[in-house]
**Student:** 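My structure is below; once you've seen it, I'll send some questions.
This is a predicted model, so every value here is computed, not measured. Note on naming: letters A, B, ... go to the chains in the order of the sequence lines (proteins, then strands), and numbering restarts at 1 for each one. As a basis for the values below, the full set of heavy atoms in this structure was taken, side chains included, without hydrogen atoms, waters or symmetry mates.
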Protein chains: 2
Amino acid sequence: MQQPSPAPRKATGRPPRISREEVVDTARRIVTEEGVERLTMRRLASEVGSTPMALYHHVRNKEELLVLLLDDHAARTLRPTELPSEPRERVVAAAAAIHEALCACPWIVEVLTADDLMSTHALWFVEQLVDGLVDCGLSLERAVQGYRAIWYYTAGEIVVRTTAARRRAGNDRPTYREQVFAGLDADEYPRLAQVADRWEPLTAQDTYRDGLRALVAGLLAAH
Amino acid sequence: MQQPSPAPRKATGRPPRISREEVVDTARRIVTEEGVERLTMRRLASEVGSTPMALYHHVRNKEELLVLLLDDHAARTLRPTELPSEPRERVVAAAAAIHEALCACPWIVEVLTADDLMSTHALWFVEQLVDGLVDCGLSLERAVQGYRAIWYYTAGEIVVRTTAARRRAGNDRPTYREQVFAGLDADEYPRLAQVADRWEPLTAQDTYRDGLRALVAGLLAAH
DNA sequence: ACCTGAACACCGTTCAAGT
DNA sequence: ACCTGAACACCGTTCAAGT
């Protein structure tokens with residue numbers, strides 16, 4: 001599906017004017033400068049100085065283009081590094097590394113969740129994560145399930161936060177939540193009413209790592 | 001933004017041919033029978049026997065239509081019920097209720113993550129969840145953060161699972177993950193190689209509740 | 001082998017006019 | 001007040017032809 005780099009160039013035929021690399025590079029520029037929603041095959045074609053259909057000679061379709069883009073990003077940011085040797089800390093650090101890499105490209109939310117594996121370049125971190133959980137005493141099966149729970153939490157944090165941010169951008173009407181919280185019935189919803197005016201700053205805080213630590217602790221507690 | 005039901009009907013002017021209710025009902029039918037991707041304003045218009053532009057008299061735009069659809073679903077499925085009195089079990093049950101409601105409408109993935117509140121009809125469960133965490137000994141602040149961690153985990157589980165399912169449907173080529181796992185280097189990735197052929201059945205299991213219990217346990221453990 | 005032009009089959013939404 | 005028709009400004013992708 002991916003990275004089966006374009007068929008080996010034959011000596012015959014017309015020489016290529018644009019390359020897959022150039023297509024991906026240009027796509028990345030559009031996406032980082034203006035957002036995914038501005039990345040269209042037509043726009044991309046005109047940016048590389050070609051026609052929409054020329055692109056289809058270098059990528060199968062738009063979906064493949066997005067996957068290539070994600071892979072490209074992972075290759076740049078997810079390089080194996082020093083991780084803590086203490087296994088629990090290794091689990092936290094590996095998850096946080098994946099999380100950080102994804103934070104840097106919120107545009108990829110739509111591809112990110114396509115499979116439980118986003119890129120071969122993340123594989124090393126997944127290995128470290130699973131291995132760390134096993135070293136903490138989990139069976140291999142439970143370690144894989146633990147990895148998945150961590151992945152759900154991580155993907156969810158990114159999807160929720162970036163979708164909320166995207167919606168807020170260029171939309172200064174109050175949120176649906178703000179409207180509801182403003183007129184909250186304190187008898188029916190005492191806790192929510194109590195915290196209503198602190199909700200905004202509370203949820204603006206980055207609590208990814210706290211939640212992650214809690215989840216890891218909980219996964220390990222049973223054994 | 002939502003549910004400010006259409007301006008009170010005046011006696012003057014042309015009598016309406018279609019109602020907001022009819023629009024939402026028809027949209028729900030299309031979406032449950034054929035999927036969100038088939039719900040277009042044009043299709044919906046022809047289904048209610050009208051023109052695309054007539055719809056804009058009943059809903060602001062397509063986004064509002066989707067929010068109305070989600071709210072409609074929540075109203076049908078998220079009715080307050082008996083929850084366990086033991087606070088920790090109440091937290092788990094409230095989260096599981098929200099999760100179950102969302103599972104029944106995977107089509108709503110694209111709206112679901114718009115804000116940290118999907119519908120007023122979920123409010124009662126959020127209240128129960130936060131209250132349960134407080135009863136377990138958390139401060140109100142930490143209870144809210146706990147709720148958010150649970151929401152990330154829940155939303156992530158749904159988004160990942162349904163996107164994966166959507167991708168698999170009508171696409172019998174092996175997944176990217178399958179390809180990668182088939183040719184995994186056992187020296188570089190020993191754990192992943194070890195579990196490669198069990199990955200499929202392992203990840204097919206529904207482990208939402210296990211992960212949820214672990215997360216809740218971890219959130220409570222610190223205090 | 002690689003690229004082009006024209007066309008297909010769509011979108012959501014605005015505008016101006018009708019009843 | 002509610003609805004219609006035509007149009008605007010787009011999409012991704014296929015097909016047939018060119019070099």
Side-chain angles (χ1 to χ4, degrees), chain A residues 1 4-24 26-27 30-31 34-69 107 110-111 114 166-167 170-171, chain B residues 1 4-24 26-27 30-31 34-69 107 110-111 114 166-167 170-171:
Chain A
M1 171 180 194
S5 45
R9 188 100 58 78
K10 293 272 177 53
T12 72
R14 186 169 170 170
R17 276 228 248 275
I18 56 175
S19 65
R20 174 189 270 226
E21 203 196 342
E22 194 184 345
V23 169
V24 173
T26 309
I30 294 175
V31 142
E34 308 180 35
V36 227
E37 63 281 355
R38 299 294 281 274
L39 179 67
T40 69
M41 297 304 264
R42 289 158 194 268
R43 169 76 195 281
L44 179 55
S46 84
E47 210 83 358
V48 298
S50 188
T51 65
M53 275 320 296
L55 301 177
Y56 287 84
H57 220 269
H58 300 271
V59 299
R60 188 196 304 267
N61 50 31
K62 194 179 178 181
E63 194 194 311
E64 195 196 44
L65 176 66
L66 286 170
V67 174
L68 287 171
L69 221 44
W107 49 268
E110 23 275 290
V111 206
R166 218 181 272 185
R167 182 111 0 164
N171 191 343
Chain B
M1 172 180 194
S5 46
R9 187 103 57 79
K10 293 272 177 51
T12 72
R14 186 171 170 168
R17 277 229 245 275
I18 56 175
S19 65
R20 176 189 269 226
E21 204 195 343
E22 195 185 344
V23 169
V24 172
T26 310
I30 294 175
V31 141
E34 309 181 36
V36 226
E37 62 282 356
R38 299 293 281 276
L39 178 68
T40 68
M41 298 303 266
R42 288 157 194 268
R43 169 76 194 282
L44 179 55
S46 85
E47 210 82 0
V48 297
S50 188
T51 64
M53 275 319 296
L55 301 177
Y56 286 85
H57 220 269
H58 301 270
V59 299
R60 188 197 302 269
N61 50 30
K62 194 179 177 180
E63 194 194 312
E64 197 197 42
L65 176 65
L66 286 170
V67 174
L68 286 172
L69 221 43
W107 49 268
E110 23 275 289
V111 207
R166 216 179 272 186
R167 182 110 0 163
N171 190 344

**Student:** Provide, to the nearest angstrom, the distance between the CE atom belonging to Met41(A) and the P atom belonging to dC10(C).
**Tutor:** 20 Å
**Student:** Atom NE2 of His57(B) to atom P of dT19(C): distance rounded to whole Å?
**Tutor:** 17 Å
**Student:** Look at the side-chain N and O atoms of Thr40(B) and state whether any lies under 4.0 Å from the OP1 or OP2 oxygen of dC11(C).
**Tutor:** yes
**Student:** In whole angstroms, how far is the C1' atom of dG12(D) from the CD atom of Glu64(A)?
**Tutor:** 15 Å
**Student:** If you only use heavy atoms from C-beta on, which nucleotide in dC3(D), dT4(C), dG12(D) is closest to the side chain of Ala54(A)?
**Tutor:** dT4(C)
**Student:** Tell me the interatomic distance from Glu37(A), atom CD, to dA9(D), atom P, rounded to whole angstroms.
**Tutor:** 20 Å
**Student:** Measuring only the C1' atom in each nucleotide, how far is dC11(D) from dA7(C)? A whole number of Å is fine.
**Tutor:** 14 Å
**Student:** Who does dG5(C) pair with, Watson-Crick or G-U, both distances under 3.5 Å?
**Tutor:** dC15(D)
**Student:** Starting at atom CZ of Arg38(A), determine the distance to atom P of dA9(D), rounded to an integer number of angstrom.
**Tutor:** 16 Å
**Student:** Of the nucleotides dT13(C), dT4(D), dT13(D), which has the atom closest to the Arg17(B) side chain?
**Tutor:** dT4(D)
**Student:** Tell me which nucleotide among dT14(C), dC2(C), dG12(D) gets nearest to the side chain of Met53(B).
**Tutor:** dT14(C)
**Student:** Starting at the 5' end of DNA chain C and moving along, which residue's nearest nucleotide shows up first, Ile18(A) or Pro52(B)?
**Tutor:** Ile18(A)
**Student:** What is the distance, rounded to the nearest whole Å, between atom CG of Asn61(B) and atom P of dC11(C)?
**Tutor:** 17 Å
**Student:** Of all heavy-atom pairs between Leu65(A) and Ala27(A), which one has the smallest distance, and what is that distance?
**Tutor:** CD1-CB, 4.2 Å
**Student:** Whole-Å distance between dC10(C) P and Arg43(B) CZ?
**Tutor:** 11 Å
**Student:** Please say whether more than 12 non-hydrogen atoms of neighbouring residues, nucleotides or ligands are located less than 6.0 Å from CZ in Arg38(A).
**Tutor:** no
**Student:** OP1 or OP2 of dC2(D) versus the side-chain N and O atoms of His58(B): is any pair under 4.0 Å?
**Tutor:** no
**Student:** Select one nucleotide: of dA7(D), dC3(C), dC3(D), the one nearest the side-chain heavy atoms of Arg42(B).
**Tutor:** dA7(D)
**Student:** Under 6.0 Å from the CD atom of Glu47(A), do we count more than 12 heavy atoms belonging to anything else shown?
**Tutor:** yes
**Student:** So, is Thr51(A) close to the dG5(C) phosphate, meaning a side-chain N or O under 4.0 Å from OP1 or OP2?
**Tutor:** no
**Student:** Does the His58(A) side chain pair with the main chain of Ile18(A), one donor and one acceptor, at a distance under 3.5 Å?
**Tutor:** yes
